[in-house]
Structures are given as C-alpha cells and as structure tokens.
Amino acid sequence: MPELPEVETVKEALKKDLLNKKIIDINIYYEKIIDYPSIDEFKKEIKNQTINNITRRGKWLMFELDNHYLLSHLRMEGKYFFRNVNDEVNKHEHISFILDNNQELRYHDTRKFGRMYLIKKEQIETYELLNELGLEPWDNNLTITYMKEKYKKKTLPIKTALLDQSIIVGIGNIYADEILFLSKINPLKKANKLTNKELQSIIDNTKKVLEKAIALGGTTIRSYTSREGVHGRFQNELKVHSKEKCPNCNNDIKKIKVNGRGTYYCPKCQKKR
DNA sequence: AGTGCGACCCGAACGC
DNA sequence: TGCGTTCGGGTCGCAC
C-alpha cells in the first residue's frame, strides 16, 4: 500500500471535502473489500451516519462516524475518488459511498487488496487490528531501549524488521530502503545485531524521511497517486530506492530480494559491518 | 516463538 | 503487433 506519508496525504485531502457529509447509501461491487462485519450489517449500519472526523493510525485510515469507526486499509493500490451521482462506475471502483451532496466517494483498488472494517465506537479501544500496532514514528516512547527489547530475539534482516507494523508503524518497502541508506546500514544485517548508535540512527532517519515525504505529499511510483490528480513529489527525493548510482559515492546501487521484496542499497556505503 | 514463503489480485513493463 | 513472464509503496496464514 501506500506507506504512512501517502495515507497521511490522503487523509488530509479527504478531510477537505468529506467532513460533516452524511453517508446516505452505499453500493458494494466487490464484497471481499468488506472484511467485517457481514455485507448486510455493514450496509445497514453505515447508512445515515455522518463523517465527523478522519484520522490515521499507522497505515490505517479511520473515518469517525456517529456510532462507528470505518477503518480502511489501502494496501497496495487503494485510492479514493469523488464522483457525481450517476457517473459511470469504473471497473476498479469497488465501493461507492453516496453522500448527501449529490456526490459519491468511490473506493478504487486495481488489485483488490484493500480491506474495510466497521467497528462500534465502544469497541475501538480494544480492537485487535489497532492494538497490535506498534509506535507511531514520533512517539516519545520510541527509544533505543524500546528497539533493543523488540529486536532482541529477531534474527531476521533489519529491512524485514522495519516493515513489522507491531514495532514501528507506517514504514513500507520504499521508505525502509531510504531509512537504511541514510543510516548507512546494510539491509541484510540481523536486527538483533544492531548497535545503539545504529538504532538511534534508524529512529532519527525514520522521522526525517517520513516527515519530508509528508511535507511533499508522499511518493508516486508507477500507478499510485494519493487522490485523483494528486501526485506526491517525494520520488524526486529518493536516494536509493529504484536508483542506479549512489548519490554519496557514485558506486552502482545493488538490487536484491529481502524476504521477497525488491531492496536497493549501496554496497560501499552500507557495509554489513 | 520466530521465520520463510505462498496466496491474494491485476496491469504495466519487459523479453522475445 | 503479439504473447508469455515477471514484478509490485502490503499483510495474512500456514508449515517448519
């Protein structure tokens, strides 16, 4: 999916048009997007609720309704578009929220990986999907001590550990490469072998990379745009992901697979030890 | 308990 | 132009 900066960008864009709009009806064209509750309950419950606020937790979008939270995870390619009622439904538009202003909020997802949940407000505090999430990158509890504790039994590559949403939320495949490049850490180094200095560097660079990406509206690679017509500008800032030459030493960037994910790094600047 | 890998989907990019 | 293959900004479930 879009990573944290993209979700943040989408959230802010949606807030401009969606706050205080009421969902008067819903059309569901591909049912698997709705993971909980049943389709019938989802349809029945969401009707006539107003969108009071939109927030983000990790890569989750949270629409605060009257009685529920609508949780939406965009996974790889989920997007939201506004359309007029009666506009033709695109083949990749799977859910349509009909609003009280003659507009529809359409959920578009080419690969159909995204998921939605409608959770009662009184249950949101204990909802496991959210409770299993780790710290936001800017949480004051994100310290070397915290990282050491979480990584102490992890023998997997640091690149893989950075993608673990139960430790730090919001980092995806691209920003993980960028964070490791700035921290001068080899993506294959085992998470439990990192020094205090390296852990601090990861913490600092995580904030730095994500903050800058948010400021620039995220990254656009291939098909992803945060909203129709909104293209992130962070792709101009990428140092290593999808690059061929290292901006520090001009060495060739190496592309490998780590846990099945395309991973870019500079063998010279990011030595294993 | 921690790790590795296939599955879920589809279209774009690539190789021939 | 056409056809087959590979790949991907994410996460879950299963086997070991």
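Naming convention: chains lettered A, B, ... in sequence-line order (proteins, then strands); numbering from 1 in each chain.
Nucleic acid contact for Thr155(A): sugar-phosphate only, since backbone atoms but no base atoms lie under 4.0 Å from a heavy atom of the residue. Counting non-hydrogen atoms under 4.0 angstrom, Lys91(A) reaches the backbone sugars and phosphates but no base. Contact annotation for Lys257(A): backbone-only contact, meaning every heavy-atom pair under 4.0 Å involves sugar-phosphate atoms and none involves a base.
Atoms CD1 (Ile256(A)) and C1' (dC7(C)) sit 16 Å apart, rounded to a whole Å. Nucleotide dG8(C) holds its C1' atom 13 Å from the CG atom of Leu163(A), rounded to whole Å. The distance from atom NZ of Lys255(A) to atom P of dT6(C) is 14 Å, rounded to the nearest whole Å. Between Asn192(A) atom CG and dA1(B) atom P the separation is 18 Å, expressed in whole Å. Taking atom CG of Leu129(A) as the reference point, atom P of dT11(C) lies 11 Å away to the nearest angstrom. Rounded to whole Å, atom P of dC10(B) lies 8 Å from atom NE2 of His92(A). For Ile158(A) and dT3(B), the CD1 to P distance is 12 Å, given to the nearest whole Å. In this structure, Glu77(A) atom CD and dC8(B) atom P are separated by 18 Å, rounded to whole Å.
Applying the salt bridge (Lys or Arg N to Asp or Glu O under 4.0 Å) definition to pairs two or more places apart or across chains, those involving residues 122-143 of chain A are Arg56(A)-Glu136(A), Arg57(A)-Glu136(A).
Taking only distance into account, the side chain of Arg261(A) never meets the base of dG8(C) through a donor-acceptor pair shorter than 3.5 Å.
The number of heavy-atom neighbours closer than 6.0 Å to CD of Glu31(A), taken from other residues, nucleotides and ligands shown, is 12 or below.
Considering only the side chain of His73(A), dT11(C) comes nearest among dT11(C), dG4(B), dG8(C). Side-chain proximity of Lys112(A) to dG2(B), dG8(C), dC9(B): nearest is dC9(B).
For Lys154(A), no side-chain nitrogen or oxygen approaches OP1 or OP2 of dG2(B) to under 4.0 Å.
Remark: Asp100(A) does not engage Lys21(A) in a salt bridge, criterion side-chain N to carboxylate O under 4.0 Å.
Atom name P, nucleotides dG4(C) and dC9(B): the rounded distance is 23 Å, in whole Å. Distance check on atom P: dC5(B) versus dC7(C) gives 15 Å, rounded to whole Å.
Nucleotide dC14(B) forms a Watson-Crick or G-U wobble pair with dG4(C), both donor-acceptor distances falling under 3.5 Å.
A cation-pi arrangement is found for Lys112(A) relative to Tyr30(A), the charged atom lying closer than 6.0 Å to the ring centre and inside a 45° cone about the ring normal.
When ring centroids are compared, Tyr29(A) and His94(A) stay outside the 6.0 Å threshold.
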